[in-house]
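Inspection log for the structure reproduced underneath, given as structure tokens.
Everything quoted here is computed from the prediction, not taken from an experiment.
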Amino acid sequence: MPAHRITNKIRWSSDVAYAVGLITTDGNLSSDGRHIILTSTDKQLLKTFAYCLNKKNKISINPPSSIGRKIAYHIQIGDTTLYEWLQKLGITQRKSLTIGELQIPKKFLRDFVRGHLDGDGSIVHYIDKYNTYLNSRYVYDRLFVFLMSCSKNHIEWLREKIQEDQGLHGSFLIQRSKYQLGKSFSYRIKFSTKEAKKLLNWIYYRNNLPKLERKFKIAQPFLRVSN
């Protein structure tokens, strides 16, 4: 079981911070003032989320969606104490476009970022042979890490916090949100090869951390810690 307890008092831990990162990206607070819902196409992620919060709630299949063809799952947790605690951190109902700064302790920032990445970010690695027609030696190992939000205020805050803690700047990207039918924008921080490696080693800092396995497999070859 996790070292913390989710009962009458919420205590910060690496597991809890990771779960908060997932809620910030893929989760939502229901209007009833009680339920926290997390949705994902990856069932393993929801199992990890439940474990981090010391919960045993059922994972269900989502109703069919017009957005995508992948099967999606969700978990719904009823906990007024946790709900109110998340609100105090800065997570609110219908937060996607309005979320801003969150009250995340510096000690657990990297766990939060790992959850943020697993919820709505990506790790991209490929071998670039685009210019080999000019010279066969022009082969490059490309690695990118993206963190994303539909709230500009939130992603700017997150970029600032990572810069303060690790000295990583990344680049700021804006694109139309495919999930809002072109009516709004999504904002991303892009970390390229050198900074991407440093970021990954920062968030995957020891063995047996909660994580999304399929993203971790991409990161693993670039880690100094053997997981």
(request) Using the side chain to side chain contact (heavy atoms under 4.5 Å, CB included) rule, pick out the option among Thr92, Thr24, Ile23 that qualifies with Leu86. (result) Ile23
(request) May I ask you to decide if Ser30's main-chain N or O and Tyr83's side chain share a donor-acceptor pair within less than 3.5 Å? (result) yes
(request) State, with a plain yes or no, whether a side-chain heavy atom of Ile77 is found less than 4.5 Å away from one of Phe49. (result) yes
(message) Closer than 3.5 angstrom, by distance alone: can the side chain of Lys215 be matched with the main-chain N or O of Gly121 as a donor-acceptor pair?
(response) yes
(message) Using modelled atom types and a 3.5 Å cut-off, is there a donor and acceptor pairing between side-chain atoms of Asp118 and backbone atoms of Leu212?
(response) yes
(message) Measuring from atom CE of Met148 to atom NE2 of His116, what distance do you get when rounded to the nearest 0.5 angstrom?
(response) 9.0 Å
(message) I want to check something: taking the side chain as every heavy atom from C-beta on, are Leu102 and His154 in contact at a cut-off of under 4.5 Å?
(response) yes
(request) State, yes or no, whether a side-chain contact exists between Gln220 and Phe216 at a heavy-atom distance under 4.5 Å. (result) yes
(request) Would you please classify the geometry between the Phe108 ring and the Trp12 ring as parallel, tilted or perpendicular, with 30° and 60° separating the classes? (result) parallel
(request) Establish, yes or no, whether the cationic atom of Arg110 lies under 6.0 Å from the six-membered ring centre of Tyr205 and within 45° of the ring axis. (result) yes
(request) Using the rule that two of Ile, Leu, Val, Met, Phe, Trp, Tyr join whenever any of their side-chain heavy atoms come within less than 4.5 Å, decide whether Leu158 and Phe172 are in one cluster. (result) yes
(request) Evaluate the side-chain proximity of Lys55 to Asp79: yes if any heavy-atom separation is below 4.5 Å, no if none is. (result) yes
(message) Taking Ile99's backbone N and O only, do any of them form a donor-acceptor pair with Ser151's side chain (distance below 3.5 Å, no angle check)?
(response) yes
(message) Between Arg114 and Ala17 (side chain of the first, backbone of the second, donor and acceptor by atom type, cut-off under 3.5 Å), is there such a pair?
(response) no
(request) Examine Lys152 relative to Phe185 and say whether NZ or CZ is less than 6.0 Å from the centre of the six-membered ring and inside a 45° cone about the ring axis. (result) no
(request) State, with a plain yes or no, whether a side-chain heavy atom of Leu45 is found less than 4.5 Å away from one of Tyr73. (result) no
(request) With the side chain counted from C-beta on, respond yes when Trp85 and Val20 share a heavy-atom pair under 4.5 Å apart, and no when they do not. (result) yes
(message) Check whether Lys95 reaches the backbone of Gly27 with its side chain - one donor and one acceptor, N or O, closer than 3.5 Å.
(response) yes
(request) Mark yes or no for whether Asp26, through its side chain, and Leu38, through its backbone, hold a donor-acceptor pair below 3.5 Å. (result) no
(message) So does Leu173 get a backbone contact from the side chain of Arg188, meaning a donor-acceptor N/O pair under 3.5 Å?
(response) no
(message) Within this structure, what is the CD1-NE2 distance for the pair Ile189 and His169, rounded to the nearest 0.5 Å?
(response) 12.5 Å
(message) Quick check against the 3.5 Å criterion: does Lys211 have a side-chain atom that pairs as donor or acceptor with the backbone of Leu209?
(response) yes
(request) State whether the side chain of Asn201 and the backbone N or O of Phe222 hold a donor-acceptor pair below 3.5 Å, judged by distance alone. (result) yes
(request) Using distance alone, with no hydrogens and no angle criterion, decide if Glu84 and Thr80 have a side-chain donor and acceptor under 3.5 Å apart. (result) no
(request) Check the angle between the aromatic planes of Trp157 and Phe112 and answer parallel, tilted or perpendicular using the 30° and 60° thresholds. (result) perpendicular
(request) Measure across Thr39 and Ala72 and return the closest heavy-atom pair with its distance rounded to 0.1 Å. (result) CG2-CB, 4.4 Å
(message) Salt bridge check, Lys198 against Glu195: does any charged N sit closer than 4.0 Å to a carboxylate O?
(response) no
(message) Classify the ring geometry of Phe144 against Phe146: parallel below 30°, tilted from 30° to 60°, perpendicular beyond 60°.
(response) tilted
(message) Are Ile123 and Leu143 packed together at the side-chain level, in the sense that at least one heavy-atom pair is separated by less than 4.5 angstrom?
(response) yes
